[in-house]
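Below is one structure, written out as structure tokens, with a few remarks after it.
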2 protein chains.
Amino acid sequence: MNKKISPPKISQAELSVMEVLWAESPLPASDIAKALAAQKKWNIKTIKTLLSRLVDKQALSTTKDGRRYLYIPLISRESYATTAARTLSDRLFGGRAAPLVAHLAEGKGLSDEDIAELEVLLADLKGEGLKNER
Amino acid sequence: MNKKISPPKISQAELSVMEVLWAESPLPASDIAKALAAQKKWNIKTIKTLLSRLVDKQALSTTKDGRRYLYIPLISRESYATTAARTLSDRLFGGRAAPLVAHLAEGKGLSDEDIAELEVLLADLKGEGLKNER
DNA sequence: CCTTTCAGATTACAAGCGTAGTCCTACGTA
DNA sequence: TACGTAGGACTACGCTTGTAATCTGAAAGG
């Protein structure tokens, strides 16, 4: 039984950095700063701090490129999103998807596309269900 | 134009306390401790600290009952859940519900009931959609 | 009355987070 | 060769969070 490695906890600010690297990697800190400049007015130093912390947490790995580092995600956006979604759903909705979706719908209303997508998705899930059941 | 009051940020530990009060309120600290004793082995002092912080944040209000307080939620579970769901969906899924559900499905697989519930929900949403469109 | 005791108020204290600043060194440039 | 400079390493610092402990006053019990 291999002990489950706890997925590193990524903070809000750190997540912004991860997003950049999920979009493209490897990248040096300077490029990440450039990419973030639009949304956040962060000092490059701030970004470097976040990068170091992410490396500490093993959310990123680095490779040397001359005298600087290139950063690469160690955890995928996929897996992060899955964990986050599951955590929320468990914590607030008893792990059930329907109430969660209901809450999303509330107030804002899902678009027609959202609904269409969900229908397709449900159809797929039912197909899989069959496969697994049998 | 009334300024939107930012919903108080409730931390993990604080949320456990809120859950108790969402289930039943008003309650004194001692009863909350009793309710939490099963899941968390927290010192009553810890719970009182959390309660004070929640009052500070205006997530709870109090009424005197003799020499103690009774606590009552100022924000509903509903609204908290809605905000949390929306925040997650916006941050990680571009505000779209389908990918979020897809991620929930992944790995764990939604149960048949989940899927059934979602279908009903979608049907309802389509009904509303019509009403709104027209 | 005096003492134990329970509630809230105040204080503690380390780890995590947001946001940088300082130090030191290797590079490229005049 | 001397100098500014880009980068990483280390340090900083106030705020939040998790988790209590201590102080204080009032209530209850003997």
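Letters go in sequence order (proteins before strands), and every chain restarts at 1.
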How would you label the contact of [X] with the nucleic acid (heavy atoms, under 4.0 Å): base, sugar-phosphate, or nothing?
X	result
A/Arg67	base
A/Lys57	sugar-phosphate
A/Ser52	nothing
B/Thr46	base

Considering only heavy atoms and no angle criterion, is a donor-acceptor pair shorter than 3.5 Å present between the side chain of A/Arg68 and the base of C/dT25?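 Answer no: no donor N or O sits under 3.5 Å from an acceptor.
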Does [N] have OP1 or OP2 sitting under 4.0 Å from an N or O in the side chain of [X]?
X	N	result
B/Ser11	D/dG18	yes
A/Tyr69	D/dA9	yes
A/Lys64	C/dA26	no

Rounding to a whole Å, what distance do you find between [X]:[atom1] and [N]:[atom2]?
X	N	atom1	atom2	value
A/Asp56	D/dG8	CG	P	14 Å
A/Leu27	D/dG7	CG	C1'	16 Å
A/Lys48	D/dA9	NZ	P	9 Å
B/Leu51	D/dT17	CG	P	15 Å
A/Ile47	C/dG21	CD1	C1'	15 Å
A/Gln12	D/dT17	CD	C1'	15 Å
A/Ile44	D/dG8	CD1	P	8 Å

For the pair A/Arg77 (side chain) and B/Leu92 (backbone), establish whether a donor and an acceptor sit closer than 3.5 Å, ignoring hydrogens and angles.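 Yes.
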Pick the closest DNA chain D nucleotide for A/Ala29 and for B/Glu14 by heavy atoms, then say which residue is nearer the 5' end. A/Ala29
5′-ward residue of the pair A/Asn43/A/Ile10 relative to DNA chain C: A/Ile10
Residue whose nearest DNA chain C nucleotide is more 5′ - B/Lys45 or B/Arg53: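 That would be B/Lys45.
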Which listed nucleotide (C/dT19, D/dG18, C/dC17) is nearest to the side chain of A/Lys9?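 So the nucleotide nearest the side chain must be C/dC17.
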Using every non-hydrogen atom in the two residues, find where A/Ile44 and A/Ala29 come nearest and quote the distance to one decimal.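 Closest heavy-atom pair between A/Ile44 and A/Ala29: CD1-O, 4.0 Å.
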Answer yes or no: is there an ion pair linking B/Glu14 with B/Arg53, defined by an N-O contact shorter than 4.0 Å? no
When clusters are formed by joining ILVMFWY residues with side-chain heavy atoms under 4.5 Å apart, either directly or through shared neighbours, do A/Trp22 and A/Val55 land in the same one?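 The answer is yes; both residues are in one hydrophobic cluster.
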